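Sequence lines set the chain letters: A, B, ... in the order given, protein chains first and strands last, and positions in each chain run from 1. All values reported here derive from a predicted model rather than from experimental measurement.
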Number of protein chains: 2
Amino acid sequence: MREFQTIPAWVASFPALKTITDPVWCEVSNNARIINLPVNTPIFHAGESCENYLLVLAGSVNVQKVTEDGHEITLYHMQPGHSCELTTACLLSGSCYHAEAITTTAVQAVLISKKEFMQALNGSDGFRKFIYSSIDSGMNELATLVEEVAFGPMDQRLAQHLLDSVLCTNPIKTTHYDLAVELGTAREVVSRLLKKFEHQGWVKLRRGEVEIIEKGELCTLVKHHAP
Amino acid sequence: MREFQTIPAWVASFPALKTITDPVWCEVSNNARIINLPVNTPIFHAGESCENYLLVLAGSVNVQKVTEDGHEITLYHMQPGHSCELTTACLLSGSCYHAEAITTTAVQAVLISKKEFMQALNGSDGFRKFIYSSIDSGMNELATLVEEVAFGPMDQRLAQHLLDSVLCTNPIKTTHYDLAVELGTAREVVSRLLKKFEHQGWVKLRRGEVEIIEKGELCTLVKHHAP
DNA sequence: TTTATTATGTGACTTAGTTACTGAAGATCT
DNA sequence: AGATCTTCAGTAACTAAGTCACATAATAAA
């Protein structure tokens, strides 16, 4: 029996969790496991049941849909400070996954077992609030994605993604194929658009790399919905 | 104080709710209001806060995204026996709506106030289970929609929607514009595809109506992912 | 009936996705 | 090192889908 338990250090990475002081959450968070995963590690597959809640401390996990005929599209990224909304939904309902997740970098994550997750959900008002608000933002992000996929011009979507990525490293380490999966389009389409960007002098292309030269021009492309 | 309350009759329309016997749910369900709405009544708009939980008894409500430049796409339909997953997410997190909802027929619905919803959520295991599983199916439906919008050929998506609609009435009462909103495409695209279907002898077109002649042919179009 | 509104048809054009290749860069093998 | 393999990128030709600018037809309103 641990009488005077403290909140573990990893919770500091989650602004919305670190204010929780319930004894239940204290117990559950202390029972969580921290795991380290190399790049390209599958986290879950469609059809699998969900046994753990997941919080990302470092790195990035790609959550995507894959169709029968091999088309892929990224739904969202699990990134530091965030959870996986599809996992949350699965745990809440006890159903199984309907998407794929794979690490795109080395990842450090917190694992909370289904049982402990349920205890925290039932016993901690703060944790429940956290889960509810992440469910809400997950739903709204998916709805927004539907809208973007349906109506967003490809050049703007590509530019936006490059701008998001360049915040980490400037020559962005990625292939045209990876960019295509990100946007749910074909590799050839990405290649064509990138060449166009390169001719404008906005980017410089090398094998496995996209270097952003004119951030500002990419921004105006994104902003101007009708140029 | 009502000591021997019974579950109200409308609950029978919801298979997943009618087995719940908690006193809390009994109380909440008895306090629900039943409302009747004419066709084309807005239920909520983006930016509004969410004050009531909604269950549909009869009719259909369209939930859709509308972009700045006027493009529209249907996310899902609230139909008899179902709730509105975006409303649920809003209530859970206390945030506001990020989509639009409007009745597409006359609608009879059950309204549960935010306060009563929260009481049922906290006090009734059965109701909580119902909410959790509807959140999960809502998320997965949205994720599947992303996939369909990204990769589904338009003719197949149109055929599928006609097949869904024809279950109600055979000459389907709809306009090409409405079909376009349903699929998130342009009216002209729908007009062209419908003309093609008509030339094949699969449908008969009249102003404001699509009559399905060859259900089987539309089915094979949908099934054969690569014809 | 005249006029206005809503629904549909169509051609010309742009953007996006597919098919079928090509060659080039890096990795692996001997 | 040189030969080979694998992955990545480029491109042309075609089909599908979305946009723009209309014309025409059916219904509703004045």
Within-4.5 Å side-chain heavy-atom neighbours: A:I212 and A:L162: yes
N or O in side chain of A:T185 less than 4.0 angstrom from C:dG17 OP1/OP2: yes
Atom pair distance, as rounded to whole Å: CZ in B:R157 and C1' in D:dG18: 13 Å
B:L145 and A:L142, any side-chain heavy atoms less than 4.5 Å apart: no
Atom pair distance, as rounded to whole Å: CE in A:M154 and P in D:dA16: 18 Å
Whichever of B:E198 and A:R187 has its nearest DNA chain C nucleotide further upstream toward 5': B:E198
Atom pair distance, as rounded to whole Å: CG in A:L179 and C1' in D:dC8: 12 Å
Gap between atoms CD and P, on B:E148 and D:dA17 respectively (whole Å): 15 Å
Aromatic plane relationship, B:Y53 with B:F117 - under 30° parallel, 30 to 60° tilted, over 60° perpendicular: tilted
A:R157/A:E148 salt bridge by N-O under 4.0 Å criterion: no
Atom pair distance, as rounded to whole Å: CD in A:E188 and C1' in C:dT15: 15 Å
Within residues 189-197 of chain A, residues whose heavy atoms come under 4.0 Å of DNA chain C: A:V189, A:R192
Flag side-chain contact, heavy atom, 4.5 Å: B:N52 against B:I112: no
Residue-phosphate contact under 4.0 Å: A:H71 side-chain N/O, C:dT18 OP1/OP2: yes
For atom CZ of A:F151 and atom P of D:dG18, their distance in whole Å: 9 Å
Short side-chain N/O contact from B:H176 to OP1 or OP2 of C:dT6, under 4.0 Å: no
Would you tabulate the pairs of protein nitrogen or oxygen atoms and nucleotide nitrogen or oxygen atoms of nucleotides 23-26 of chain C closer than 3.5 angstrom?
unit_1: C:dA25; atom_1: N3; unit_2: A:R207; atom_2: NH1; d: 3.4
unit_1: C:dA25; atom_1: N3; unit_2: A:R207; atom_2: NH2; d: 3.4

Sidechain-backbone polar pair: A:T103 side chain, A:P38 backbone, donor-acceptor under 3.5 Å: yes
Gap between atoms CG and C1', on A:L183 and C:dT15 respectively (whole Å): 15 Å
Donor on one side chain, acceptor on other, B:T74 and B:N62, under 3.5 Å: yes
From C:dA16, D:dG10, D:dG18, nucleotide with atom closest to A:L205 side chain: D:dG10
Interatomic distance where CZ belongs to B:R206 and C1' belongs to D:dT27 [whole Å]: 16 Å
Aromatic ring pairing B:W202/B:F197, orientation class (parallel under 30°, perpendicular over 60°, tilted between): tilted
Under 3.5 Å donor-acceptor, A:E51 side chain and A:S113 backbone: no
